[in-house]
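Here is the structure we will look at, set down as structure tokens.
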Amino acid sequence: MRALTVVPNQPGSLRIEDVPDPVPGPNELLVDGISLGICGTDREIASGEYGWAPPGRDRLILGHESLGRVRSAPDGSGFAAGDLVVGIVRRPDPVPCGACARGEFDMCRNGDYVERGIKQIDGFGSSEWVVPVDYAVRLDPSLAQVGVLMEPTTVVAKAWDQIEKINGRAWFDPKTVLVTGAGPIGLLAAMLGAQRGLDVHVLDRSTEGPKPGLVADLGGTFHTGSAAEVAEKVDPDVVIEATGAPAVALQAAKIHNPGMIVCLTGVSTPGNDASVDVGALNRNIVLDNAVVFGSVNANRHHYELAAEALAKADPEWLGRLITRRLPLERALEAFEPGDHSAIKVVIDL
């Protein structure tokens, strides 16, 4: 079969090649790959910044944003040929730590987890793949063209799940959410906010292209400018930061609103110094009973929440998030230099 592979930590090693066909084990699904989403993590691995090949191997099959159709399934597995599925990315560490032992492997405490297409286990960037039954999630059949958005949706499904758990510390009745960043993650976060009946506001530096219309079609309001200025206008109860820009993250953390919750989902580049009045920041957070927390990755519960959210969404709206599709043989074009922050590239397998 054909696959997209890379030598981790070796820039320029990305290629499409023939690899052995997968052989399913006794409790595994054999899946025909439909499509693969490409994100910043994949580009960082391809550029040699990090990544880990499977033990005893030099090359890693890339890709963690999966979508496939079951070709064969074990009897009694609950799956059948033709089911639309995605594979869960992370696997718990073998020890396991306390979090992994409770199914919360997204919160692994010792770092010995593995991740498909990232760390020590092949990803989904191939025409066929296998996945253990316990790490596969079925999608609604209507999502055959857009189900590849499942993994990024799990990121914000987890964010909202954690926000709602934090809400439970006291009475809280949020009305307004501000999402900073209108890339795929930010727009999906806004979609989940709209599904919760909140007044949705999305901030982005881009004034052209599809972003304003996508926000409007959610019933939300699109803004440009600074996070501080927009927050002053809309008085958000919840902020989801999805740019990774240090200045924006800092502005989000400094918003003054009693009981406010700020979730950071964007990953910043180290080495960006900023002048911060730590005393004022600390004072605001303490006196407002505010919470600022980070969120990444997802466990099975979040995949199930994401599947429910996608099934309720407008497939046409979701399809507009995918701005470029490439066949597998042209997959390397998705890694060419450029600003990919507003572009969701999907490889059709």
Side-chain angles (χ1 to χ4, degrees), residues 35-45 63-67 86-91 99 103-108 113 115-119 123-124 135 137 139 143 146-166 177-196 198 200 202 204 214 218 238-245 248-249 252 261-268 292-313 317-318 321-322 340-346:
S35 52
L36 177 77
I38 301 298
C39 75
T41 297
D42 302 302
R43 295 188 179 95
E44 289 167 356
I45 294 172
H64 60 280
E65 297 183 7
S66 64
L67 179 66
V86 301
I88 295 174
V89 176
R90 183 172 286 195
R91 303 287 187 274
E104 296 177 351
F105 41 80
D106 56 312
M107 307 289 277
C108 181
Y113 59 84
E115 290 179 317
R116 299 278 308 243
I118 300 171
K119 184 183 180 188
F124 302 102
Y135 293 94
V137 178
L139 288 182
L143 298 172
V146 295
V148 72
L149 295 170
M150 173 72 155
E151 192 279 337
T153 305
T154 68
V155 173
V156 292
K158 175 182 176 179
W160 277 109
D161 184 48
Q162 295 293 321
I163 288 166
E164 287 159 356
K165 284 183 169 65
I166 294 168
V177 58
L178 170 62
V179 178
T180 54
I185 292 289
L187 289 168
L188 289 167
M191 181 190 80
L192 267 65
Q195 289 183 352
R196 285 161 169 76
L198 299 183
V200 174
V202 179
D204 197 83
L214 284 163
L218 289 175
V238 174
V239 179
I240 298 180
E241 204 300 293
T243 69
V248 179
I261 298 171
V262 178
C263 177
L264 307 177
T265 66
V267 180
S268 301
V292 180
F293 75 102
S295 178
V296 72
N297 209 275
N299 63 41
R300 184 178 184 88
H301 174 59
H302 306 128
Y303 274 79
E304 292 168 347
L305 292 175
E308 293 173 6
L310 289 178
K312 292 190 294 185
W317 185 90
L318 292 170
L321 300 184
I322 300 173
H340 299 283
S341 60
I343 300 173
K344 188 56 178 178
V345 180
V346 168

Discussion item. Is any side-chain heavy atom of Arg91 closer than 4.5 Å to one of Tyr135?
Written reply: yes

Fill in: Validation row: Thr154, Val86 side chains within 4.5 angstrom (heavy atoms)
no

Discussion item. If I compare all heavy atoms of Leu36 with all of Gly63, which pair ends up nearest, and what's the gap?
Written reply: CD1-CA, 3.6 Å

Practice prompt. Kindly say whether Ala309 contributes a backbone atom to a donor-acceptor pair with the side chain of Gln195 at under 3.5 angstrom?
Written response: yes

Worksheet item: Run the side-chain contact (heavy atoms from CB on, under 4.5 Å) check on Ile88 and Phe105 step by step: do they pass?
Response: CA-CA 11 Å; Ile88 295 174; Phe105 41 80; 4.0 Å; yes

Discussion item. Test side-chain hydrogen bond (donor to acceptor under 3.5 Å, both in side chains) on Glu241 and Thr180; report intermediate values, then the result.
Written reply: CA-CA 5 Å; Glu241 204 300 293; Thr180 54; 3.0 Å; yes

Worksheet entry | Candidate pair Glu164 and Arg196, rule side-chain contact (heavy atoms from CB on, under 4.5 Å), full reasoning | CA-CA 11 Å; Glu164 287 159 356; Arg196 285 161 169 76; 2.5 Å; yes

Discussion item. To the closest 0.5 Å, what do you measure between NE2 (His64) and SG (Cys39)?
Written reply: 3.5 Å

Worksheet entry | Least distance between heavy atoms, Ala242 atom then Gly181 atom | CB-O, 4.4 Å

Worksheet entry | Within-4.5 Å side-chain heavy-atom neighbours: Ile166 and Phe293 | yes

Worksheet item: What's the verdict on side-chain contact (heavy atoms from CB on, under 4.5 Å) for Leu310 and Val146, showing C-alpha distance, side-chain angles and the deciding distance?
Response: CA-CA 9 Å; Leu310 289 178; Val146 295; over 6 Å; no

Worksheet item: Between Leu67, Leu149, Val148, Ile38, which is the residue that forms a side chain to side chain contact (heavy atoms under 4.5 Å, CB included) with Val346?
Response: Val148

Worksheet item: Taking atom NZ of Lys312 and atom CE of Met191, what is their separation to the nearest 0.5 Å?
Response: 9.0 Å

Worksheet item: Can you find a pair of side-chain heavy atoms, one from Leu178 and one from Val200, that are under 4.5 Å apart?
Response: no

Worksheet item: Is the shortest heavy-atom distance from the side chain of Leu187 to the side chain of Leu321 under 4.5 Å?
Response: yes

Discussion item. Nearest 0.5 Å, please: how far is SG in Cys263 from CD1 in Ile240?
Written reply: 6.0 Å

Discussion item. Applying salt bridge (Lys or Arg N to Asp or Glu O under 4.0 Å), can you list everything that pairs with Arg300, at least two apart in sequence or on another chain?
Written reply: Glu304

Discussion item. The test is salt bridge (Lys or Arg N to Asp or Glu O under 4.0 Å); show your working for Asp106 and Arg90 and say whether it passes.
Written reply: CA-CA 7 Å; Asp106 56 312; Arg90 183 172 286 195; over 6 Å; no

Item to complete: Check whether any side-chain heavy atom of Trp160 sits under 4.5 Å from a side-chain heavy atom of Val238, and report yes or no.
Response: yes

Discussion item. Set out, in order, the CA-CA distance, both residues' side-chain angles and the distance that settles side-chain contact (heavy atoms from CB on, under 4.5 Å) for Val239 and Val177, then state yes or no.
Written reply: CA-CA 6 Å; Val239 179; Val177 58; over 6 Å; no

Item to complete: Please round to the nearest 0.5 Å and tell me the distance separating atom OG1 of Thr41 and atom CD1 of Ile118.
Response: 5.5 Å

Worksheet item: Which atoms form the tightest heavy-atom contact between Asp42 and Gly37, and what is the distance?
Response: OD2-O, 3.6 Å

Worksheet entry | Which atom of Val156 lies closest to which atom of Ile185, heavy atoms considered | CG1-O, 3.6 Å

Practice prompt. Locate the shortest heavy-atom distance separating Val137 from Ala307; write the atom from each residue and the value.
Written response: CG1-CB, 4.4 Å

Worksheet entry | Trp317 (side chain) donor-acceptor with Leu214 (main chain) under 3.5 angstrom | yes

Worksheet item: Is Glu151 close to Tyr303 at the side-chain level, that is, under 4.5 Å between some pair of heavy atoms?
Response: yes

Practice prompt. Kindly compute the distance separating SG (Cys108) from OH (Tyr113), expressed to the nearest 0.5 Å.
Written response: 7.0 Å

Practice prompt. Grab the two heavy atoms, one from Asp204 and one from Gly183, that are nearest each other, plus how far apart they are.
Written response: OD1-N, 4.4 Å

Worksheet item: Taking atom CD of Gln162 and atom OG of Ser295, what is their separation to the nearest 0.5 Å?
Response: 6.0 Å

Item to complete: Run the numbers on Glu65 and Lys344 for salt bridge (Lys or Arg N to Asp or Glu O under 4.0 Å), then give the verdict.
Response: CA-CA 11 Å; Glu65 297 183 7; Lys344 188 56 178 178; 2.6 Å; yes

Worksheet item: Taking only residues two or more places apart in sequence or in another chain, which ones pass salt bridge (Lys or Arg N to Asp or Glu O under 4.0 Å) with Glu44?
Response: none

Worksheet item: Hey, are the side chains of Val296 and Val155 touching, using non-hydrogen atoms and a 4.5 Å cut-off?
Response: no

